[in-house]
2 protein chains.
Amino acid sequence: MNSAEPARQGSLRERNLALVARQVIDAAEPLSRADLAAMTGMTRATVSTLVDQLVAAGILTELAPVARSGPGRPAVPLAPAARTIVGLGLEVNVDYLGVRLIDLTGAVVDEIVLAENLRGSPATATLARLGQLTRDIITRAESRDMRVAGAHLALPGLVDTGSGVLRIAPNLGWSGIEPLPLLGLPDGLPTAVGNEAKLAALAQLWGCPAARRTSRTFLYVSGDVGVGAAIVIDGELFGGGHGWSGELGHVTVDPSGPACRCGANGCLERYAGKEVLVDGVGLDIDVPGDVLADRLGAEDDAARAAVDTAGTALGQAMANAVNLLDIDRVLLGGVYTGLVPRLRPAIIAQLESRVLAAPWAPVWIDPAPVADHAALTGGAVTVLRAVVDNPMPWTARQARTVPV
Amino acid sequence: MNSAEPARQGSLRERNLALVARQVIDAAEPLSRADLAAMTGMTRATVSTLVDQLVAAGILTELAPVARSGPGRPAVPLAPAARTIVGLGLEVNVDYLGVRLIDLTGAVVDEIVLAENLRGSPATATLARLGQLTRDIITRAESRDMRVAGAHLALPGLVDTGSGVLRIAPNLGWSGIEPLPLLGLPDGLPTAVGNEAKLAALAQLWGCPAARRTSRTFLYVSGDVGVGAAIVIDGELFGGGHGWSGELGHVTVDPSGPACRCGANGCLERYAGKEVLVDGVGLDIDVPGDVLADRLGAEDDAARAAVDTAGTALGQAMANAVNLLDIDRVLLGGVYTGLVPRLRPAIIAQLESRVLAAPWAPVWIDPAPVADHAALTGGAVTVLRAVVDNPMPWTARQARTVPV
DNA sequence: ACGAATAAGTTCATCGGATATACAAACTAG
DNA sequence: CTAGTTTGTATATCCGATGAACTTATTCGT
């Protein structure tokens with residue numbers, strides 16, 4: 001009933017701790033307390049107490065002072081702490097399942113990825129296996145004195161982020177399950193589920209600190225069997241009412257087009273999905289992404305036709321999205337990553353003719369910087385982001401237990 | 001360079017003043033200080049000082065105590081203050097120009113609307129005339145001791161909200177002008193320009209206090225010569241990178257469809273724009289909305305065909321938007337307002353077949369509650385919203401000058 | 001009619017947290 | 001080795017939320 005919380009005394013600390021933590025973590029190079037004071041406008045005294053709290057919490061560390069150029073006392077450089085607080089990214093997808101552990105510096109601390117065909121696999125057993133892998137990684141991490149801040153599971157389907165229910169994952173053949181309890185993770189470990197494409201999009205933000213400061217608004221389009229998208233606005237994922245935004249694959253490209261397995265017809269997926277792409281050049285659906293890219297990059301008619309059809313359809317769907325959202329940056333992931341140079345001309349042609357604001361707001365099309373299992377990174381990073389955005393609970397206890 | 005501001009001491013007051021002001025203004029019935037304390041979680045003491053400040057600023061007023069049901073001291077009901085602080089909405093559209101003055105209760109305090117054909121009118125002269133009307137209204141308001149918080153101008157075109165430049169308004173025949181200076185409004189009066197459909201969307205939120213508390217997320221689609229849309233998420237307009245979001249009229253319905261004056265082809269506007277609707281039933285483009293609705297409501301083949309084509313195209317474009325945004329409420333405005341019962345079946349049919357999440361998230365289609373010159377209301381309301389969201393500057397001075 | 005009960009609103013001492021100012025620390029330049 | 005410069009810390013102050021006690025205005029029971 002009560003939407004907005006009041007600002008209490010402690011809110012100031014909460015916000016300013018988060019502010020300082022974010023600045024240090026997003027910075028290109030280590031910052032000093034004095035730098036932070038200058039950037040934020042707070043006094044050096046205030047910044048000092050905040051930094052001290054964050055260092056004690058294991059979120060930041062002081063590096064060895066480096067020699068300065070000019071006169072004056074040398075600054076103590078601050079950086080995100082390595083291997084203190086870590087986040088878990090989990091994923092089950094059609095051709096692999098895996099766990100990735102990342103620390104606040106963005107480094108992958110530990111990882112298990114098993115490549116196998118999981119189409120039609122039993123959800124309960126598969127998730128139990130993933131849970132076992134995860135527990136192994138947690139044990140290893142804790143024995144090395146790291147604190148695991150939470151786990152975020154990525155699934156290729158419609159996930160109700162509120163209730164944690166997977167409505168349907170067509171390519172896995174799963175539907176109507178609650179995946180988190182099936183993992184059997186330790187009690188008290190904060191967990192969440194999300195859509196694979198959306199988490200992959202967030203990985204793009206984290207994968208490149210420069211991106212976090214500049215182009216924090218973009219559309220991420222991931223091509224696989226399905227075509228998923230995610231809308232990132234000012235560094236925040238836009239999930240929509242239920243977390244089901246970004247279904248670009250089922251945007252109508254041609255109302256009299258071929259039937260789609262979603263029940264409608266003329267969906268983008270029928271022109272630019274992986275199935276259509278591999279069919280067009282006579283490959284199998286399980287072909288690795290780089291092999292497909294190579295084949296589609298060849299200079300024969302079949303490849304050219306497949307890429308052209310896909311690019312034009314993609315461009316048209318994107319034009320719709322850009323007309324609606326006024327976003328001027330698109331990152332292409334999944335099987336599209338390696339095809340960007342081939343796809344770009346057809347996409348741009350559609351955007352230029354169909355986007356009303358095109359003359360004043362050109363759209364940039366780029367391959368997604370984080371490619372390998374981006375959703376694993378995205379999940380882990382989402383967990384860590386929650387820590388950085390609310391460092392308060394981590395400043396209190398020294399214990400290794402996870403704060404609620 | 002520095003994105004986030006730190007939370008200073010005063011930020012608490014700022015936020016909590018805004019919180020209390022919003023609660024009172026959005027409430028269905030008057031609230032007491034004690035109610036507010038219970039709702040927000042702040043102590044009665046804190047709420048009291050906040051309320052006193054807001055009353056002194058002319059944002060809230062105490063009503064006469066009413067008899068209570070049970071025992072105890074009767075509460076002092078609080079309500080938004082009438083005719084103290086007011087906001088101006090301005091608009092130039094193809095068939096009228098006008099000014100509307102609204103106070104914090106949402107009441108229209110003053111208004112001038114001149115119906116005339118402004119297609120191809122000279123921008124400078126037209127805006128100068130609108131400015132004169134506005135100055136008259138300001139003078140009247142100030143002589144009645146009201147403080148004008150600002151003016152917001154609505155135009156039917158691509159407005160760069162950052163720079164205040166109107167890129168192009170095809171139906172007016174205006175392009176590349178900076179409209180605000182041409183109004184010649186008093187120095188120091190905060191002014192802004194925005195797109196007409198977007199401001200109309202915000203009017204829907206304000207027009208119905210109940211809406212502000214419940215369905216604060218919706219897509220507003222306004223049909224006129226062009227088809228515009230606005231995305232409202234949790235009570236905030238989503239403008240996109242440049243404020244050019246919501247160009248639903250140029251979403252592609254059929255890639256092999258008829259040419260559109262935007263240069264592309266198969267745009268929604270070519271199926272559901274007012275020009276096509278009036279053509280379909282042999283009326284003139286300047287026909288009033290209710291006459292058109294009557295004619296299209298008739299039971300003959302021409303009317304049925306026009307409505308069917310428009311509804312199906314609208315539904316398809318909306319399905320794209322819903323797949324992308326996961327929004328489950330659509331408000332139809334402009335010429336569509338009176339046609340909702342006729343349009344709904346075709347729209348729903350498209351949504352049900354084309355929206356992937358349709359089985360779990362049915363979409364509601366309703367006529368927009370605020371119909372008459374909604375953008376005028378939207379502009380005024382946007383100005384007032386800025387006051388409510390940041391009441392601090394109004395608490396300081398008692399002077400009638402507008403705070404910067 | 002009168003006191004007990006009850007709820008609304010206010011007063012005041014307290015506390016958390018940012019701020020300004022002064023100061024100590026660590027370095028460079030001449 | 002001293003003056004100058006910048007970083008980081010200590011201390012008094014101020015702002016604003018809080019909790020507890022208190023005042024005010026009403027209903028209810030007798």
Side-chain angles (χ1 to χ4, degrees), chain A residues 4-20 24 29-56 60-79 391-392 395-396, chain B residues 4-20 24 29-56 60-79 391-392 395-396:
Chain A
E5 287 298 299
R8 339 190 74 77
Q9 307 279 130
S11 313
L12 288 183
R13 254 308 144 84
E14 244 168 75
R15 272 195 49 134
N16 287 337
L17 281 171
L19 176 63
V20 168
V24 172
E29 7 187 292
L31 300 172
S32 68
R33 290 167 170 84
D35 292 336
L36 286 165
M39 290 167 68
T40 61
M42 293 185 283
T43 62
R44 291 204 309 276
T46 305
V47 169
S48 240
T49 62
L50 293 170
V51 165
D52 291 349
Q53 252 181 293
L54 290 169
V55 168
L60 301 184
T61 31
E62 301 187 331
L63 301 180
V66 289
R68 299 180 44 81
S69 48
R73 172 175 170 175
V76 179
L78 301 166
M392 196 74 128
T395 61
Chain B
E5 286 298 298
R8 339 191 73 78
Q9 306 279 127
S11 313
L12 288 184
R13 254 308 145 85
E14 244 168 75
R15 273 194 48 132
N16 288 336
L17 281 171
L19 176 64
V20 168
V24 172
E29 5 187 293
L31 300 171
S32 67
R33 292 167 171 82
D35 291 336
L36 286 165
M39 290 166 69
T40 61
M42 292 185 285
T43 62
R44 291 203 309 276
T46 306
V47 170
S48 240
T49 62
L50 293 170
V51 166
D52 290 350
Q53 253 181 291
L54 290 169
V55 169
L60 302 184
T61 31
E62 302 188 331
L63 301 181
V66 292
R68 299 181 43 82
S69 46
R73 173 174 170 176
V76 178
L78 301 166
M392 197 73 128
T395 61

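Every heavy atom of this structure was used, including side-chain atoms; hydrogens, water molecules and symmetry mates were not. Predicted, not measured: the structure shown is a model, and the values here were computed from it. Naming: A, B, ... by sequence-line order, numbering from 1 per chain.
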S.K.: Grab the CG-P distance between Leu17(B) and dG16(D) for me, whole Å please.
M.R.: 9 Å
S.K.: Stepwise, does the side chain to side chain contact (heavy atoms under 4.5 Å, CB included) test hold for Met42(A) with Leu50(A)?
M.R.: CA-CA 11 Å; Met42(A) 293 185 283; Leu50(A) 293 170; 3.9 Å; yes
S.K.: Out of dA18(C), dG4(D), dT9(D), which nucleotide sits closest to the side chain of Ser48(A)?
M.R.: dT9(D)
S.K.: Write down the distance between CD (Glu62(B)) and P (dA8(C)), rounded to a whole number of angstrom.
M.R.: 15 Å
S.K.: Drop me the distance from Arg8(A)'s CZ to Thr46(B)'s OG1, to the nearest 0.5 angstrom.
M.R.: 8.5 Å
S.K.: Please compare Thr49(A) and Thr46(B) by the position of their nearest nucleotide in DNA chain D and report the one closer to 5'.
M.R.: Thr49(A)
S.K.: When only distance counts, do a donor and an acceptor, one from the side chain of Arg73(A) and one from the base of dT7(D), lie under 3.5 Å apart?
M.R.: yes
S.K.: From the set dG16(C), dT6(D), dT28(C), return the single nucleotide nearest to any side-chain atom of Gln9(A).
M.R.: dG16(C)
S.K.: To the side chain of Leu12(A), which of dG8(D), dT18(D), dA18(C) is closest?
M.R.: dA18(C)
S.K.: Of all the nucleotides listed (dG16(D), dG9(C), dT18(D)), which has the minimum atom distance to the side chain of Arg8(A)?
M.R.: dT18(D)
S.K.: Assess whether side chain to side chain contact (heavy atoms under 4.5 Å, CB included) is satisfied between Arg13(B) and Thr49(B), documenting all intermediate values.
M.R.: CA-CA 10 Å; Arg13(B) 254 308 145 85; Thr49(B) 62; 3.4 Å; yes
S.K.: CG of Leu60(B) versus P of dG9(C): gap in Å, rounded?
M.R.: 13 Å
S.K.: Between Glu62(A) and Arg33(A), does the side chain to side chain contact (heavy atoms under 4.5 Å, CB included) criterion hold? Intermediate values first, please.
M.R.: CA-CA 10 Å; Glu62(A) 301 187 331; Arg33(A) 290 167 170 84; 2.5 Å; yes
S.K.: Base, sugar-phosphate or nothing for Ala45(B)? Non-hydrogen atoms, less than 4.0 Å.
M.R.: base
S.K.: Among dG8(D), dT19(C), dA17(D), which nucleotide has an atom closest to any side-chain atom of Met42(A)?
M.R.: dT19(C)
S.K.: Assign each of Arg13(A) and Pro74(A) to its nearest nucleotide of DNA chain C by heavy atoms, then name whichever residue's nucleotide is nearer the 5' end.
M.R.: Arg13(A)
S.K.: Tell me: CG of Leu63(A) to P of dG8(D), nearest whole Å?
M.R.: 12 Å
S.K.: May I ask you to test the Leu63(A)-Leu78(A) pair for a side-chain heavy-atom distance under 4.5 Å?
M.R.: no
S.K.: Go through dA25(D), dT19(C), dA18(C) for me and flag the one nearest to the Asn16(A) side chain.
M.R.: dA18(C)
S.K.: Name the closest nucleotide to the Thr43(B) side chain, picking from dG16(D), dG19(D), dT28(C).
M.R.: dG19(D)
S.K.: Between atom CE in Met39(A) and atom P in dT7(D), what is the gap in whole Å?
M.R.: 14 Å
S.K.: Start at the 5' end of DNA chain C and walk down; is the nucleotide closest to Gly72(A) or to Glu14(A) reached first?
M.R.: Glu14(A)
S.K.: Could you tell me whether Ser32(A) contacts a base, only the sugar-phosphate backbone, or nothing, with contacts defined as non-hydrogen atoms closer than 4.0 Å?
M.R.: sugar-phosphate
S.K.: Between atom CG in Leu36(A) and atom C1' in dA18(C), what is the gap in whole Å?
M.R.: 16 Å
S.K.: Could you tell me how far apart Gln53(B) (CD) and dT10(C) (C1') are, to the nearest whole angstrom?
M.R.: 16 Å
S.K.: Pick base, sugar-phosphate or nothing for Arg44(A), based on heavy-atom distances below 4.0 Å to the nucleic acid.
M.R.: base
S.K.: To the nearest angstrom, how far is Leu50(A) atom CG from dG16(C) atom C1'?
M.R.: 13 Å
S.K.: Which value, rounded to the nearest 0.5 Å, describes the distance between Leu60(B) atom CG and Leu17(B) atom CG?
M.R.: 9.5 Å
S.K.: With a 4.0 Å cut-off on heavy atoms, is Val47(A) in touch with a base, just the backbone sugar-phosphate, or nothing at all?
M.R.: nothing
